[in-house]
Structures are given as structure tokens and as C-alpha cells.
Amino acid sequence: MLTLYDIFQHNKMTKISDILLDRRTIRKYSSEPVDDKLLNELLMMGCRASTTGNMQVYSIIITRDEEKKSDLAPLHLNQKMITEAPVVLTFCADFNRFNKWCLLRNAEAGYDNFLSFMTAAIDALLVAQTVCIAAESKGLGICYLGTTIYNAHKIIDLLKIPKGVVPVTTVTLGWPSEKPEQVDRLPLEAVIHKESYSDYSDKNIENYYKVKEGRNDSQQFVNENDKETLAQVFTDVRYKKTDNIHFSKILLKVLRDQGFMEQ
Ligand SMILES: Cc1cc2nc3c(=O)[nH]c(=O)nc-3n(C[C@H](O)[C@H](O)[C@H](O)COP(=O)(O)O)c2cc1C
């Protein structure tokens, strides 16, 4: 059996700091396949991520089949990465497996509540991000799809996901056929608080967002969407209150249906 030691021995690792600082989301992939051996290595590395109580309350569903990807695409608002990437990974918060183990071992499972959903969702996101870094370290490109939590109910049906399991994010994976510009980040000081939270004055906010607002691509967003400010592109177009409420209701029903809101 392949051990992690073997993987590290056989692969020239690029410096992790370079990988992290140089990364960018990739939305266009070449037709070159990602072989099972490589995918398995990435998943093994991902599963070394920290996990609550070492319970591993997550599952990862691999979709490679073209027909299945086509079925998934509309559930991700037809984002083309789903059908164009050779690999689609759906990361799920999963207490189903652990609950079954408890049942078999005369242990009373108490995981039918919101806290347990959060626990499993955090586990799933940590494994997802670790797989992504592993993939990027091999030169692969990844894109997260936030649409997973909009249409979790439909993804549950399509991927035959049982009670106790909720898909929380999706990652498309493949060899890049683009190298987009890195997008901006807020200055580090905008997101760091020393010792305790120091709330933002209007002046801080002006200062922290001015570079983002001044960028050409931001101006273009504002103009294309016929808005006055960049913030309005978020509130009125990209992440609207009405959509947020609509999808919140659906997600809360998913949590109830999947057995995470019993207590
Ligand atoms: C939870 C999450 C959901 C995302 N959903 C989408 C998505 O649905 N479609 C997409 O094209 N990019 C998606 N992204 C990628 C972000 O748009 C991207 O990370 C962000 O713009 C910063 O760009 P960078 O990763 O290249 O630095 C998502 C990222 C995260 C973390």
C-alpha cells in the first residue's frame, strides 16, 4: 500500500509558501485527464487534515462520469467548470457513517442537532481546502462552487445522499488551461485584530476598501451592472437579500430533512 512517505519521496515538492502566495482559482481546464493514482494521493493528503475528535465526519463524492457531470451542472447554475473539469468533488458533512458505527457498538449517538452539523461541515471544509492545496502543489487548478449549498436538496437526490449527510461544498479539479491574473485581497491589517476585536471606523473602511474600489475590474463591474458603487454590485446583483433568504429557507429544510435539527 502506498504510504504518505512514498508520496513525498516520489514527488518533488514545490515550496508550500510559493504555492500559497501564488495561487489563484482556475476555471478553465485542459482535456488532459487526472489519473486515479494522482487523485488518490490528493485525497490521502486531504484526509490528513485536522478533524474533530479524529471522527472524520465527512465524505467526498467523486464525479468523473460525463453524464453525471451534465446532470450536476444545472444544480450548480450551469457553471461550465462542472462539465469541463475532469474531476468534480462534492464534500459532505457526514454523521451517517459515525452514527452507524455507534449503533453497532451499543453507543447512543447524539448527533441529530445543529452543533453536530457545524462540526461535520467544518471537518468537510478542512478536508476540502487541504485537497485543494495538495492539488495546487501538483500544478492542478481548482475552483470551489458555492452553489452546492443553494441546491443541496437536489444534489442529495442526484448523488443518492442518505440522512445524516449534507453536501457543503464542491470543487472542480483539472490541469489549468488558463493563468488568470491574481485577484486582490484586502490589506492584511484589515482582517487582523490584535488580542481583541477592534471595530472599524468609517475611516478604516474607506481606507481598507479604496484599493479594491479603485481597480479597473471593479469599475468595470460597477459600470456593467449599472450601479453606483462596488458594494451595490454585491448587494443588488451577486449576493442579493431575496436570494439569501430563499436559499436559507431551502438549506434549513435540508438540515431538518437530513436529521440535523431534531433537538
Ligand atoms: C466557498 C466558496 C465558494 C465559491 N463559489 C464559487 C462559484 O460558485 N463559482 C466560481 O466561479 N467561483 C467560486 N469561488 C471562487 C471565488 O470566487 C474565488 O476564490 C475568489 O474570487 C478569490 O479568487 P482567487 O481564489 O483566485 O484568489 C468560491 C470560493 C469559495 C471559497
Side-chain angles (χ1 to χ4, degrees), residues 16-29 46 49 58 60-61 63 69 72-93 117-118 120-155 158-159 166-188 190-191 208-209 211-213 215-222 224-225 230-231 233-235 237-240 243-244 246-248 250-251 254:
I16 190 79
S17 53
D18 292 345
I19 294 156
L20 294 175
L21 287 172
D22 191 51
R23 68 156 303 279
R24 65 213 65 205
T25 289
I26 298 295
R27 298 182 174 86
K28 289 191 178 130
Y29 307 96
Y58 55 76
I60 306 162
I61 302 174
T63 308
K69 285 197 283 166
L72 265 179
L75 312 187
H76 289 284
L77 311 183
N78 288 314
Q79 297 192 78
K80 61 184 175 23
M81 297 79 86
I82 287 279
T83 45
E84 290 178 9
V87 178
V88 176
L89 301 174
T90 304
F91 291 88
C92 303
F117 167 70
M118 284 300 297
I122 291 168
D123 262 25
L125 294 175
L126 290 177
V127 75
Q129 180 57 15
T130 310
V131 169
C132 288
I133 296 170
E136 288 171 336
S137 79
K138 301 284 184 185
L140 286 155
I142 65 95
C143 183
Y144 276 96
L145 298 182
T147 32
T148 311
I149 50 171
Y150 298 176
N151 280 320
H153 54 311
K154 294 180 185 165
I155 295 170
L158 184 70
L159 301 182
V166 177
V168 289
T169 199
T170 300
V171 170
T172 56
L173 187 83
W175 299 104
S177 79
E178 63 167 358
K179 189 171 182 192
E181 290 283 303
Q182 265 196 321
V183 298
D184 65 300
R185 290 292 192 268
L186 294 174
L188 193 59
V191 298
Y208 292 149
Y209 282 87
V211 173
K212 184 187 278 291
E213 289 174 329
R215 288 170 58 96
N216 286 342
D217 52 354
S218 299
Q219 291 299 322
Q220 199 181 328
F221 262 150
V222 173
E224 275 171 5
N225 289 291
L230 182 63
V233 177
F234 286 87
T235 59
V237 183
R238 296 189 65 192
Y239 300 97
K240 288 193 288 195
D243 290 346
N244 293 340
H246 174 73
F247 290 119
S248 285
I250 293 177
L251 188 56
V254 167

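Hydrogens, waters and symmetry mates play no part in the numbers below; they use all other heavy atoms, side chains included. Note that the structure is predicted; figures quoted are calculated from it, not measured. Ligands are counted one by one from 1 in listed order, and the atoms in each one are counted from 1 as well.
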- request: Pull out every atom of ligand 1 sitting under 4.0 Å from any heavy atom of G146, numbered as shown with elements.
  value: 3 (C), 4 (C), 5 (N), 6 (C), 7 (C), 8 (O)
query: Sub-3.5 Å donor-acceptor pair from the side chain of Q182 to the main-chain atoms of L21, do we have one?
result: yes
- prompt: Of all the atoms in ligand 1, which lie at a distance below 4.0 Å from a heavy atom belonging to C143?
  reply: 10 (C), 11 (O), 12 (N)
Ligand-residue contact atoms, ligand 1 with R24, heavy atoms, under 4.0 Å: 26 (O)
- request: Supply the atom-to-atom distance C143 SG to E84 CD, rounded to the nearest 0.5 angstrom.
  value: 11.5 Å
query: Do any non-hydrogen protein atoms sit less than 4.0 Å from atom 1 (C) of ligand 1?
result: no
- request: Examine distances only and state if a side-chain atom of Y58 and a backbone atom of L125 form a donor-acceptor pair shorter than 3.5 Å.
  value: no
- request: Return yes if some donor-acceptor pair links the side-chain N/O of E136 with the main-chain N/O of G141 below 3.5 Å, else return no.
  value: no
Side-chain donor/acceptor of T170 to backbone N/O of T148, under 3.5 Å: no
message: Does N78 have more than 12 heavy atoms from other residues, nucleotides or ligands lying within 6.0 Å of its CG?
response: yes
message: Could you identify the single nearest non-hydrogen protein atom to atom 13 (C) of ligand 1 and state the distance to 0.1 Å?
response: Y144 O, 3.0 Å
Contact (N/O only, under 3.5 Å) between T169 and ligand 1: no
query: Heavy atom under 4.0 Å from ligand 1: found in Q182's side chain, backbone, both, or neither?
result: neither
task: For the residue pair V131 and L89, establish whether any side-chain heavy-atom pair is separated by less than 4.5 Å.
output: yes
message: So F117 and V254, do their side chains get closer than 4.5 Å, heavy atoms only?
response: no
- request: For H76 and ligand 1, answer yes if some heavy atom of the residue is under 4.0 Å from a ligand atom, otherwise no.
  value: no
- request: For atom 20 (C) of ligand 1, decide whether some protein heavy-atom distance is shorter than 4.0 Å.
  value: no
query: Within a strict 4.5 Å, meaning less than it, do heavy atoms of the T172 and Y29 side chains meet?
result: yes
query: With backbone taken as N, CA, C and O and side chain as the heavy atoms from C-beta onward, which portion of V183 lies under 4.0 Å from ligand 1: side chain, backbone, both, or neither?
result: side chain
- prompt: Does R27 reach ligand 1 with a nitrogen or oxygen that is under 3.5 Å from one of the ligand's nitrogen or oxygen atoms?
  reply: yes
message: Check contact between R23 and ligand 1, using heavy atoms of the residue and a distance below 4.0 angstrom.
response: yes
- prompt: Which residue owns the protein heavy atom closest to atom 24 (P) of ligand 1, what's the atom, and how far is it?
  reply: T25 OG1, 3.5 Å
Atoms of ligand 1 close to Q79 [distance to a heavy atom under 4.0 angstrom, numbered from 1]: 7 (C), 8 (O), 9 (N), 10 (C), 11 (O)
